[in-house]
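Step one of this worksheet: look at the structure below.
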Amino acid sequence: MLTPRSPRKVAVVGAALSDCGRVDEATPYALHAQAARRALADSGLDRSVVDGFASAGLGTLAPVEVAEYLGLRPTWVDSTGVGGSTWEVMAAHAADAIAAGHANAVLLVYGSTARADIKAGRRTSNLSFGGRGPLQFEVPYGHTLVAKYAMAARRHMHEYGTTLEQLAEVAVQARANAATNPDAMFRDPVTVDDVLSGPVIADPFTKLHCCLRSDGGCAVLMVAQEYVPDAAKAPVWVLGSGTAVSHTTMSEWDDFTVSPAAVSGRLAFERAGVRPSDIDLAEIYDAFTYMTLVTLEDLGFCAKGEGGAFVEKGRLLRDGALPVNTDGGGLSACHPGMRGLFLLVEAVRQLRGEAGEGQVRRADNSLPELAVASGTGGWFCSSGTVVLGRQR
């Protein structure tokens with residue numbers, strides 16, 4: 001009888017962005033390739049080590065088409081599609097596969113020309129994700145994605161007294177963090193009044209409560225522990241992860257003030273053996289300001305209903321009590337679609353000390369030790385949370 005293999009430790013050894021922001025001359029495939037090449041170069045490992053591949057959102061047979069474009073023939077693949085949380089869920093799957101010996105090195109890649117497609121008339125706005133299945137009962141009423149988030153925000157305001165000014169603080173601090181990120185699409189400061197006085201998109205959200213639309217891509221290379229000595233840089237270890245789903249139809253959402261991060265976060269922290277109070281920085285999916293606020297509550301950084309007070313007084317700034325979305329997030333840096341992989345890239349860069357002017361430091365001026373990346377998909381339909389650390 002064979003002796004079962006002990007689970008292997010998993011590390012991120014490569015992380016990179018493609019060109020981001022306004023990219024008018026590239027295809028989504030080209031951005032995938034650019035990000036993948038840069039992540040492999042960052043790792044210092046040869047592409048021949050890659051035997052796992054994860055991609056979603058592009059092509060008829062993703063990730064087969066993208067792997068072919070990149071010249072890869074993986075023996076482990078993942079094309080999970082759960083919206084913005086896709087990449088944290090994929091990272092969890094990849095970590096499990098590597099730990100079990102089903103793959104050795106998994107490349108996660110994303111690229112999108114969402115902004116350029118709109119500009120060129122290749123893509124138009126859509127009312128809904130679809131009109132079949134459970135969604136058919138909401139589509140006739142014009143129940144758009146932004147409206148669903150807006151409804152949830154209004155419920156939190158009603159239930160806990162959260163204010164528009166507090167939600168606006170999320171956007172203001174995200175923009176302040178973007179100011180030190182040379183890759184951010186928007187870097188000029190904004191005020192709470194700027195946020196509140198903007199055009200209404202879906203009550204209570206004005207334009208600056210909502211993410212921008214950009215082009216861009218990124219990639220992350222995850223490997224088994226035996227590949228770490230050959231990597232060019234210090235590893236960032238995957239310490240724990242968790243995934244969860246909630247609802248599709250709004251009528252099936254038990255509580256508009258609780259996201260599935262309440263489950264995925266608890267699982268990730270338990271599996272990593274850490275507490276929210278141990279975390280040095282958080283990268284949180286922020287298609288809308290309310291997402292940041294409620295995810296902070298659900299991850300356990302503050303009690304339910306206290307998110308409004310928590311985000312005040314600059315707490316989310318790079319030098320605040322809990323730096324959040326240190327690159328500027330989807331509200332100011334970039335948001336080309338399913339942004340979850342960008343959260344992992346920024347967390348890795350911060351833990352490595354590669355964030356330049358935007359680098360987070362602990363109270364003793366040392367580099368951060370622990371980070372959490374938490375992605376949200378759909379309209380709080382799904383969540384994936386990953387805890388990363390410099391020490392395993």
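For the numbers below, each heavy atom of this structure counts, side chains included, while hydrogens, waters and symmetry mates do not.
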Non-hydrogen side-chain atoms of [X] and [Y] separated by less than 4.5 Å:
X      : Y      : result
Met157 : Leu164 : yes
Leu367 : Arg362 : no
Leu296 : Val311 : yes
Leu40  : Val50  : yes
Arg352 : Val348 : yes
Val13  : Tyr227 : no
Ile98  : Trp76  : no
Lys119 : Arg22  : no

Please name the pair of heavy atoms, one in [X] and one in [Y], separated by the smallest distance, quoted to 0.1 Å.
X      : Y      : result
Ser259 : Val294 : CB-CG1, 4.4 Å
Tyr290 : Thr257 : OH-CA, 3.4 Å
Ala176 : Leu317 : CB-CD2, 3.5 Å
Phe310 : Cys302 : CD1-CB, 3.7 Å
Trp237 : Val10  : CE3-O, 3.4 Å
Arg175 : Leu208 : NH2-CD2, 4.0 Å

Short N-O contact, [X] and [Y], less than 4.0 angstrom:
X      : Y      : result
Arg339 : Asp327 : yes
Arg115 : Asp24  : yes
Lys304 : Asp255 : no

Has [X] got a side-chain atom pairing as donor or acceptor with [Y]'s backbone, closer than 3.5 angstrom?
X      : Y      : value
Thr295 : Thr292 : no
Asp280 : Ala371 : no
Arg47  : Gly71  : yes
Gln359 : Glu354 : yes
Trp379 : Thr249 : no
Ser18  : Gly216 : no
Gln136 : Gly133 : yes
Gln350 : Val360 : yes

Check whether the side chains of [X] and [Y] place a donor and an acceptor atom closer than 3.5 Å, and report yes or no.
X      : Y      : value
Asp193 : Ser197 : no
His156 : Glu297 : yes
Gln166 : Glu312 : yes
Glu88  : Thr385 : no
Asp194 : Thr191 : yes

* To do: Report the C-alpha separation of Tyr69 and His32 in whole Å, then their side-chain angles, then the decisive distance to 0.1 Å, and conclude whether the side-chain contact (heavy atoms from CB on, under 4.5 Å) test is met.
  => CA-CA 9 Å; Tyr69 186 86; His32 277 76; 5.7 Å; no
* Once you round to the nearest 0.5 Å, how far does CG of Asp96 lie from OG of Ser241? -> 5.5 Å
* Rounded to the nearest 0.5 Å, how far does CD of Glu169 lie from CG of Leu293? -> 11.0 Å
* Asked: Only one of Phe205, Phe380, Tyr285 forms a ring-ring contact (aromatic ring centres under 6.0 Å, His included) with Tyr149, so which one is it?
  -> Phe380
* What about Phe137 and His143, are their ring centers closer than 6.0 Å? -> no
